[in-house]
*Asks:* 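Got a structure here, written out as structure tokens. Questions coming.
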Amino acid sequence: MSDMYSESSECQTPLTKYQLISINSKGLPDGFKWLEMFEDVRVVVFCIALSDYDQEWVPCIGPLQNKMLASRDLFEKVVRHPCFVDTPFVLLLNKFDAFEDKINQVPITVCDWFCDFSPLKPHHNSQSLAHQAYYYVAVKFKELFSSITGRKLYVWQARARERTSVDEAFKYIREVLKWDEENIENLYGITADDSFYSTEMSSSPYIRQE
Ligand SMILES: Nc1nc2c(ncn2[C@@H]2O[C@H](COP(=O)(O)OP(=O)(O)OP(=O)(O)O)[C@@H](O)[C@H]2O)c(=O)[nH]1
């Protein structure tokens, strides 16, 4: 499936065109050959629902699979595709509102990949549990991306049911495109997103130290 996103007129960049591709497990029969059609894209925006960490789905072949793990595996395949060797990636971690509602009922450690999440106690940290978990998940994806590409993954949080959240996400994507064009390294290292955590797993405050 594909669709177009149109931005409000005051912030529109005339030459920016976004193509939405919705993928499910049945849509990948040819080993991702169709991704070659997108080799000239300037940025890959990969969207994952944060609230999927306790959800399961039935793949074409094989047993039930955790949705977050399925999204991670798909993300990894796209990242490894030769067409995107030099393409910047933005990971949109969506459904933050549903994540906030769920996380106090269902710990994110139910997802195997997140088994070492260790939130700080409220008197040690002013961040909510959902925010700590969001930064933890962002680090997991950043580490994965960096281990494959040696490059930086840009991560943004979204609540796609809110128009302003979608507009902010696209504003961020335009910034990434601008930084990429200007080839300015480490500029994002001083902004709020990164200020809460390091991309080094060993120094992340939300990972249980053995
Ligand atoms: N609470 C919440 N719901 C959302 C958000 N973004 C999308 N949804 C809802 O999630 C449902 C599925 O959205 P789709 O855009 O169809 O996503 P999909 O990948 O095809 O489907 P899912 O795998 O079920 O998420 C719709 O009911 C959306 O309204 C969000 O940020 N928060």
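Counting from 1, the numbers follow the sequence of the chain as shown.
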*Asks:* How far does CG of Leu153 sit from NZ of Lys140, to the nearest 0.5 angstrom?
*Replies:* 14.0 Å

*Asks:* Quick one, Trp156 with Phe170, criterion ring-ring contact (aromatic ring centres under 6.0 Å, His included). Give me CA distance, side-chain angles, the key distance, then yes/no.
*Replies:* CA-CA 10 Å; Trp156 194 255; Phe170 277 91; over 10 Å; no

*Asks:* Sequence neighbours excluded, which residues qualify as side-chain contact (heavy atoms from CB on, under 4.5 Å) partners of Ser71?
*Replies:* Ile48

*Asks:* Measure the spacing between OH of Tyr136 and CG of Asp116 and express it to the nearest 0.5 Å.
*Replies:* 3.5 Å

*Asks:* Give every donor-acceptor pair under 3.5 Å between a side-chain atom in residues 144-151 and any protein atom, sequence neighbours left out.
*Replies:*
residue: Ser147; atom: OG; partner: Glu143; partner atom: O; Å: 3.4
residue: Ser147; atom: OG; partner: Leu144; partner atom: O; Å: 2.7
residue: Thr149; atom: OG1; partner: Phe145; partner atom: O; Å: 2.8
residue: Thr149; atom: OG1; partner: Arg151; partner atom: N; Å: 2.9
residue: Arg151; atom: NE; partner: Val85; partner atom: O; Å: 3.4
residue: Arg151; atom: NH1; partner: Thr87; partner atom: O; Å: 3.0
residue: Arg151; atom: NH2; partner: Phe84; partner atom: O; Å: 3.4
residue: Arg151; atom: NH2; partner: Val85; partner atom: O; Å: 3.1
residue: Arg151; atom: NH2; partner: Thr87; partner atom: O; Å: 3.2

*Asks:* Do any N or O atoms from the side chain of Lys142 and from the backbone of Tyr154 form a donor-acceptor pair under 3.5 angstrom?
*Replies:* no

*Asks:* Indicate the atoms forming the closest heavy-atom contact of Leu35 with Cys83, along with that distance.
*Replies:* O-SG, 4.2 Å

*Asks:* Is a donor on one side and an acceptor on the other found under 3.5 Å between the side chain of Gln55 and the backbone of Lys67?
*Replies:* no

*Asks:* List the steps, then state whether salt bridge (Lys or Arg N to Asp or Glu O under 4.0 Å) holds for Lys178 with Glu181.
*Replies:* CA-CA 5 Å; Lys178 210 164 74 183; Glu181 277 166 13; over 6 Å; no

*Asks:* Could you go through the ring-ring contact (aromatic ring centres under 6.0 Å, His included) check for Phe46 and Phe89 one step at a time?
*Replies:* CA-CA 7 Å; Phe46 198 96; Phe89 272 69; 7.6 Å; no

*Asks:* Between Trp113 and Val137, does the side chain to side chain contact (heavy atoms under 4.5 Å, CB included) criterion hold? Intermediate values first, please.
*Replies:* CA-CA 9 Å; Trp113 194 33; Val137 173; 5.7 Å; no

*Asks:* In chain order, what residues pass the salt bridge (Lys or Arg N to Asp or Glu O under 4.0 Å) check against Glu39, with sequence neighbours excluded?
*Replies:* none

*Asks:* Please give me the minimum heavy-atom distance between Gln132 and Pro119, naming the atom from each residue.
*Replies:* OE1-CA, 3.3 Å

*Asks:* Please examine the side chains of Tyr135 and Val139, heavy atoms only from C-beta on, and report whether any two atoms are closer than 4.5 Å.
*Replies:* no

*Asks:* When you look at CG of Asp86, are more than 12 heavy atoms from neighbouring residues, nucleotides or ligands closer to it than 6.0 Å?
*Replies:* no

*Asks:* Which donor-acceptor pairs under 3.5 Å do side chains of residues 90-103 form with protein atoms, sequence neighbours excluded?
*Replies:*
residue: Asn94; atom: OD1; partner: Ala160; partner atom: N; Å: 2.9
residue: Lys102; atom: NZ; partner: Ser51; partner atom: O; Å: 2.6
residue: Lys102; atom: NZ; partner: Asp54; partner atom: OD1; Å: 2.5

*Asks:* Where do Ala49 and Met68 come nearest, in terms of heavy atoms and distance?
*Replies:* O-CE, 3.7 Å

*Asks:* Do the side chains of Tyr18 and Val45 get nearer than 4.5 Å, heavy atoms only?
*Replies:* no

*Asks:* How far apart are the closest heavy atoms of Thr109 and Phe117, and which atoms are they?
*Replies:* CG2-O, 4.1 Å

*Asks:* Run the salt bridge (Lys or Arg N to Asp or Glu O under 4.0 Å) test against Asp73 and tell me which residues pass, sequence neighbours left out.
*Replies:* none

*Asks:* Quick one: salt bridge (Lys or Arg N to Asp or Glu O under 4.0 Å) partners of Arg80, sequence neighbours excluded?
*Replies:* Glu76

*Asks:* Do Tyr53 and Asn66 meet the criterion of a side-chain donor-acceptor pair at a distance under 3.5 Å?
*Replies:* no

